[in-house]
A.B. asks: 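Here it is, the structure in full.
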Amino acid sequence: MSEALSMDGGAVPAATPNDTTGKKKTFTIGELAREFDITLRTLRFYEDKGLINPKRDGQNRMYNRRDRARLKLVLMGKKVGFSLNEICDMLDLYDLRDGQVVQLRVALNKFNQQIDVLKEQKSHIETAIDELSRTVEVVSGMLKEREAAEK
């Protein structure tokens, strides 16, 4: 989550691979789904959870730049392992309008905690890979012995 985002719908410095938005101010559900390579159902789910809040034009959902920025934060948060509840809590801080001090402190704390969680997971994965690799060597050796004995 090294990208800076403006929750007021302002500039989103780092573009996504499919970003063709330019200075566009509103987006349809299909446009956002294509841009972020997610399903319409995912967007509706995030709306149901209160993470994004599109306006309605009849049956059509119209997303603004703030919704797009929030969606981008949600997807980045999910990518690094935050739960939707944690993401929602962090997004809610942006509505405080306190000069961002509180939101930055909370976000920094949560980011550091998540880094610790990911490092621990990485350590467990590396241990599991090492153990599994040793097991593969043993089983491969046993298989070679048994195949040689059958000849």
Side-chain angles (χ1 to χ4, degrees), residues 1-24 27-54 61 63-96 98 100-151:
M1 294 185 71
S2 61
E3 300 168 348
L5 297 178
S6 172
M7 292 307 299
D8 63 359
V12 179
T16 59
N18 301 326
D19 188 2
T20 57
T21 58
K23 294 291 182 189
K24 194 168 181 178
F27 311 90
T28 65
I29 191 169
E31 289 171 333
L32 287 183
R34 279 187 299 280
E35 178 182 351
F36 292 102
D37 194 26
I38 57 176
T39 65
L40 303 178
R41 183 176 181 189
T42 298
L43 280 164
R44 290 189 291 264
F45 177 77
Y46 291 157
E47 179 183 354
D48 289 343
K49 294 293 181 185
L51 297 168
I52 53 178
N53 188 24
R61 291 171 170 85
Y63 298 87
N64 59 28
R65 288 171 43 185
R66 183 175 186 274
D67 292 319
R68 182 181 172 277
R70 287 176 67 94
L71 176 61
K72 188 168 186 171
L73 280 172
V74 169
L75 296 173
M76 288 189 319
K78 291 295 294 174
K79 187 175 187 177
V80 298
F82 286 112
S83 71
L84 285 182
N85 286 336
E86 291 170 318
I87 294 167
C88 186
D89 291 344
M90 285 188 280
L91 288 175
D92 287 346
L93 292 173
Y94 282 97
D95 295 330
L96 294 178
D98 71 341
Q100 299 183 342
V101 172
V102 171
Q103 68 200 42
L104 291 173
R105 279 191 194 125
V106 170
L108 183 60
N109 184 40
K110 286 189 178 284
F111 296 162
N112 283 322
Q113 288 174 356
Q114 189 64 18
I115 287 170
D116 292 341
V117 167
L118 293 172
K119 283 180 178 178
E120 185 175 340
Q121 289 175 348
K122 179 182 175 186
S123 173
H124 288 257
I125 290 169
E126 289 170 347
T127 300
I129 289 170
D130 290 343
E131 290 174 5
L132 191 54
S133 295
R134 283 191 296 276
T135 303
V136 165
E137 288 176 22
V138 169
V139 171
S140 293
M142 292 170 61
L143 178 61
K144 285 180 185 176
E145 288 175 9
R146 301 246 166 99
E147 288 176 339
E150 290 179 359
K151 289 184 181 179

A.B. asks: I want to check something: taking the side chain as every heavy atom from C-beta on, are V138 and R134 in contact at a cut-off of under 4.5 Å?
C.D. replies: no
A.B. asks: Measuring only between side-chain heavy atoms, which start at C-beta, is V74 closer than 4.5 Å to L84?
C.D. replies: yes
A.B. asks: How long is the span from the CG atom in L91 to the CZ atom in R66, to the nearest 0.5 Å?
C.D. replies: 8.5 Å
A.B. asks: Within a strict 4.5 Å, meaning less than it, do heavy atoms of the M90 and F111 side chains meet?
C.D. replies: yes
A.B. asks: Atom CZ of residue position R105 - does it have more than 12 heavy atoms of other residues, nucleotides or ligands inside 6.0 Å?
C.D. replies: no
A.B. asks: Please check if the side chain of T127 supplies one atom and the backbone of S123 the other of a donor-acceptor pair under 3.5 Å.
C.D. replies: yes
A.B. asks: Between C88 and L51, is there a side-chain heavy-atom distance shorter than 4.5 Å?
C.D. replies: yes
A.B. asks: Answer whether the closest heavy-atom distance between the side chains of K24 and R65 falls below 4.5 Å.
C.D. replies: no
A.B. asks: Do the side chains of E120 and H124 get nearer than 4.5 Å, heavy atoms only?
C.D. replies: yes
A.B. asks: Hey, is the main chain of N53 close enough, under 3.5 Å, to the side chain of D67 for a donor-acceptor pair?
C.D. replies: yes
A.B. asks: When you look at I38 and L71, which way does the side-chain contact (heavy atoms from CB on, under 4.5 Å) test go after all the steps?
C.D. replies: CA-CA 11 Å; I38 57 176; L71 176 61; 4.1 Å; yes
A.B. asks: First locate atom OH of Y63, then atom CZ of R70, and finally report the distance between them rounded to the nearest 0.5 Å.
C.D. replies: 13.0 Å
A.B. asks: At what distance, to the nearest 0.5 angstrom, does OH of Y46 lie from CG of L75?
C.D. replies: 5.0 Å
A.B. asks: When rounded to the nearest 0.5 angstrom, what is the spacing between CD1 in I115 and NZ in K122?
C.D. replies: 12.0 Å
A.B. asks: T28 and R61: side-chain contact (heavy atoms from CB on, under 4.5 Å), yes or no, with the steps?
C.D. replies: CA-CA 6 Å; T28 65; R61 291 171 170 85; over 6 Å; no
A.B. asks: Using 0.5 Å steps for rounding, measure from the CD atom of Q121 to the CD atom of Q114.
C.D. replies: 7.0 Å
A.B. asks: Evaluate side-chain contact (heavy atoms from CB on, under 4.5 Å) for D116 paired with Q113, printing each intermediate quantity in order.
C.D. replies: CA-CA 5 Å; D116 292 341; Q113 288 174 356; 5.5 Å; no
A.B. asks: List the steps and the verdict of side-chain contact (heavy atoms from CB on, under 4.5 Å) for I87 and S83.
C.D. replies: CA-CA 6 Å; I87 294 167; S83 71; over 6 Å; no
A.B. asks: Could you tell me the separation between the CZ atom of F82 and the CG atom of L73, rounded to the nearest 0.5 Å?
C.D. replies: 11.0 Å
